[in-house]
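In this text the structure is predicted, and so the values were computed from the model without any measurement. So that the names make sense, note that chain A is the first sequence line, chain B the second, and so on, each numbered from 1.
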Number of protein chains: 2
Amino acid sequence: MAAGGLKMIQNMMEQLPASERKIAEFILENPQTVLNSTVQDIGVQAHTSGAAVIRLCKSLGLNGFQDLKVRIAGDLVKPVEQGYRDIEPGESFFSIVQKTTSNSIQSIRDSEEMINFEELERAVHTLSAAQNVHFFGIGASGIIAKDAQQKLLRIHKNATAFTDTHLVATLIANASQEDVVFGISHSGETSEVMKIMALAKERGVKTISLTKYGQSSVSSMADIKLFTSYSSEAPFRSAATSSRLAQLYIMDILFLSMATVQYEDTIHSIDKTREAIRFIKEGK
Amino acid sequence: MAAGGLKMIQNMMEQLPASERKIAEFILENPQTVLNSTVQDIGVQAHTSGAAVIRLCKSLGLNGFQDLKVRIAGDLVKPVEQGYRDIEPGESFFSIVQKTTSNSIQSIRDSEEMINFEELERAVHTLSAAQNVHFFGIGASGIIAKDAQQKLLRIHKNATAFTDTHLVATLIANASQEDVVFGISHSGETSEVMKIMALAKERGVKTISLTKYGQSSVSSMADIKLFTSYSSEAPFRSAATSSRLAQLYIMDILFLSMATVQYEDTIHSIDKTREAIRFIKEGK
DNA sequence: TCCTCTTTGAAACTACATTTCAATATTTTT
DNA sequence: AAAAATATTGAAATGTAGTTTCAAAGAGGA
């Protein structure tokens with residue numbers, strides 16, 4: 001989407017090397033300046049080089065300086081942030097509902113901003129072309145995987161979603177080049193998912209990841225990287241809550257994009273699925 | 001400021017020479033495209049030249065193409081639309097994302113409005129008091145059930161979530177009065193869920209339902225009725241999409257409410273869960 | 001019809017984003 | 001502690017894309 005550049009920078013801060021961090025700090029302090037400056041300008045003003053600016057853009061997962069510029073421009077016209085609010089003991093039902101609503105919406109909005117359209121497009125095409133899609137996630141992410149599988153099956157795309165590592169390993173060991181492995185892990189550091197991604201990579205099977213925004217083991221192994229907003233999980237100890245909504249949201253976008261690309265086919269499949277369900281249910 | 005590019009173009013329209021007007025029209029129709037295209041690209045796509053794009057920028061009183069780009073980026077960050085919008089064939093990725101975002105947010109907002117706080121409170125107390133919670137749903141709702149189970153287990157509440165009707169039937173047949181059966185069905189007319197609810201009722205086991213808003217077989221059998229917004233599913237044939245988010249959202253509220261009611265215990269449980277996971281992972 | 005003023009796009013030009021690379025710092029290994 | 005491997009850095013080279021120029025074509029007026 002056309003915003004979120006500043007948030008991306010904030011989230012990446014700690015993971016950046018010195019020169020890029022200088023640039024990052026400069027930009028956070030002078031976002032407006034970025035819009036009217038050249039890469040070299042910014043480099044000099046932040047007491048480092050222009051190359052560092054480009055490197056920062058790449059570190060953020062963006063395609064280049066133009067991309068960053070556009071996202072920052074978006075940030076500058078946005079109304080004030082809502083932000084996440086944690087839930088505290090002895091809170092009323094009313095305010096729990098309010099906070100949950102606003103946190104949920106916020107995590108969807110933030111994830112929207114993180115979307116890299118080119119990456120999304122590549123994901124859609126890769127999935128559309130795949131013979132089989134193997135979703136894999138553990139715990140909460142395993143549920144997202146199951147959900148995604150159900151969706152793909154609905155539009156006639158073969159998909160698996162197991163949570164047994166050994167089983168999946170066997171599956172991938174025998175997978176064809178036409179298959180795609182889709183690893184889901186909010187933290188991006190779930191060891192099971194990492195192993196599966198590594199195996200897929202080694203076997204030359206295409207991989208897609210869905211993790212929180214930022215550098216992580218899982219995403220760095222993936223050919224195509226999709227992200228949910230980083231902060232989703234941050235504030236409440238209350239277990240994976242918003243992050244799950246955001247993951248589903250991204251999956252919805254993927255699914256709907258695939259469906260749109262092959263619209264006619266899809267409508268047909270969904271209708272047939274409905275018929276099949278009705279048939280089983282009502283026997284007619 | 002960093003916006004208003006599109007409005008500028010609209011205002012200038014009549015005063016523009018043919019070639020620039022072609023560009024102007026193209027931009028108004030494909031503002032998103034502008035952000036990822038070069039001047040030459042746009043020239044060609046609008047059946048004229050790149051030079052015309054620059055001339056348009058100058059005619060608008062801007063300093064150049066970058067300036068226009070930044071302003072259009074600002075324009076595209078508009079507040080979310082109200083209402084549901086269906087997704088159509090040949091839609092751009094950009095607008096799929098926009099519509100999915102607004103539909104998702106809308107379904108959460110609408111579900112918030114549907115909440116009956118008294119019913120919510122009863123649900124929370126019933127669940128908190130339960131010895132065992134049996135979640136049950138088929139298909140997409142089965143995933144919500146699994147998710148809910150995971151959440152409850154995290155806070156030390158026994159919960160099951162099977163999709164096998166016979167298995168669940170046996171479970172309920174042997175359930176104690178301290179148990180709760182939680183039926184999930186978006187339509188409220190899934191026959192398997194209806195049967196389970198009926199069985200629970202007959203056995204005198206407490207029941208909670210989560211369905212779309214309105215009268216339905218499942219909800220009418222439940223002691224406590226929770227709802228998601230009706231319209232969630234309405235507009236797109238594109239399979240259960242927003243409805244699922246809304247269901248999760250309601251579950252989040254339930255979970256967080258339960259967690260708040262027994263805050264200290266919960267924090268403790270979550271920490272213990274984390275420790276357990278870390279232990280398994282890292283062996284320390 | 002001829003002249004003047006405007007518009008147009010191809011090509012030349014220029015500026016700036018991006019890549020490369022050698023030097024340097026940092027971490028890991030032995 | 002030394003050596004090797006790895007990561008970081010900015011200056012310079014490169015390539016891409018924005019901008020300007022200019023000759024040709026078109027529009028309007030005398």
Side-chain angles (χ1 to χ4, degrees), chain A residues 2 5 8-9 12-27 30-73 116-119 198 214-217 219-221, chain B residues 2 5 8-9 12-27 30-73:
Chain A
M8 286 173 146
I9 293 176
M12 275 294 186
M13 245 341 181
E14 307 115 43
Q15 307 180 36
L16 296 172
S19 72
E20 291 176 46
R21 189 174 307 182
K22 279 188 202 165
I23 300 290
E25 278 163 3
F26 177 80
I27 292 178
N30 312 281
Q32 180 66 42
T33 311
V34 174
L35 304 184
N36 307 313
S37 306
T38 70
V39 164
Q40 315 297 337
D41 274 357
I42 297 169
V44 171
Q45 288 190 67
H47 308 291
T48 168
S49 71
V53 177
I54 302 295
R55 287 199 198 98
L56 172 63
C57 295
K58 295 295 162 69
S59 297
L60 296 174
L62 301 177
N63 299 315
F65 181 61
Q66 294 305 323
D67 208 347
L68 179 66
K69 225 170 165 176
V70 159
R71 281 166 192 266
I72 289 180
N116 178 330
F117 280 89
E118 287 179 23
E119 206 77 347
Q215 151 79 28
S216 70
S217 305
S219 71
S220 63
M221 279 190 277
Chain B
M8 286 173 132
I9 294 177
M12 275 293 184
M13 243 343 180
E14 304 116 39
Q15 308 175 38
L16 295 172
S19 72
E20 290 177 46
R21 189 173 307 180
K22 278 189 204 165
I23 300 290
E25 280 164 2
F26 177 81
I27 293 179
N30 312 282
Q32 171 65 28
T33 311
V34 174
L35 304 184
N36 306 314
S37 305
T38 70
V39 164
Q40 316 296 337
D41 274 357
I42 296 170
V44 171
Q45 287 190 67
H47 308 291
T48 168
S49 71
V53 177
I54 302 294
R55 287 197 198 100
L56 172 63
C57 295
K58 295 298 165 69
S59 298
L60 296 173
L62 302 176
N63 296 318
F65 182 61
Q66 292 305 325
D67 209 346
L68 178 66
K69 223 170 166 175
V70 159
R71 281 164 192 272
I72 289 180

Only one of A:L35, A:V39, A:L62, A:N36 passes side chain to side chain contact (heavy atoms under 4.5 Å, CB included) with A:K69, and that residue is A:L35
For D:dT9, does either OP1 or OP2 sit under 4.0 Å from a side-chain N or O belonging to A:S19?
-> yes
Side chain of A:Q40: nearest nucleotide among C:dA17, C:dG9, D:dT8?
-> C:dA17
Starting from P on D:dA17, measure out to CG on B:N36 and report it in whole angstrom.
-> 12 Å
Under 4.0 angstrom between B:K58 side-chain N/O and D:dT20 OP1 or OP2 | yes
Spacing of A:I54 atom CD1 relative to D:dT9 atom C1', expressed in whole Å | 15 Å
Interatomic distance, A:Q66 CD vs D:dA17 C1' [rounded to whole Å] = 9 Å
Inter-residue atom distance A:R71.CZ - A:C57.SG, 0.5 Å rounding = 10.5 Å
Nearest heavy-atom neighbours spanning B:G43 and B:I23 | CA-CD1, 4.1 Å
Is the distance from OP1 or OP2 of D:dT16 to the nearest side-chain N or O of B:T38 less than 4.0 Å?
-> no
Could you state the atom-to-atom distance from NE2 of B:H47 to C1' of C:dT8 in whole Å?
-> 17 Å
Counting side-chain heavy atoms from CB outward, which of C:dG9, D:dG10, D:dG18 is closest to A:A52?
-> D:dG10
B:D41 has an atom CG; how far is it from atom P of D:dT16, in whole Å?
-> 13 Å
Nearest heavy-atom approach of B:E20 to B:L56 is OE1-CA, 3.5 Å
Select from A:V39 and A:R55 the residue whose nearest nucleotide in DNA chain C is closer to the 5' end of that strand.
-> A:V39
Using atom NZ of B:K22 as one end and atom C1' of C:dG9 as the other, report the distance to the nearest whole Å.
-> 11 Å
When the distance from CD1 of A:I42 to C1' of D:dG10 is rounded to whole Å, what number comes out?
-> 16 Å
Write down the distance between CZ (A:F65) and C1' (C:dA15), rounded to a whole number of angstrom.
-> 14 Å
Can you find a pair of side-chain heavy atoms, one from B:T33 and one from B:Q45, that are under 4.5 Å apart?
-> yes
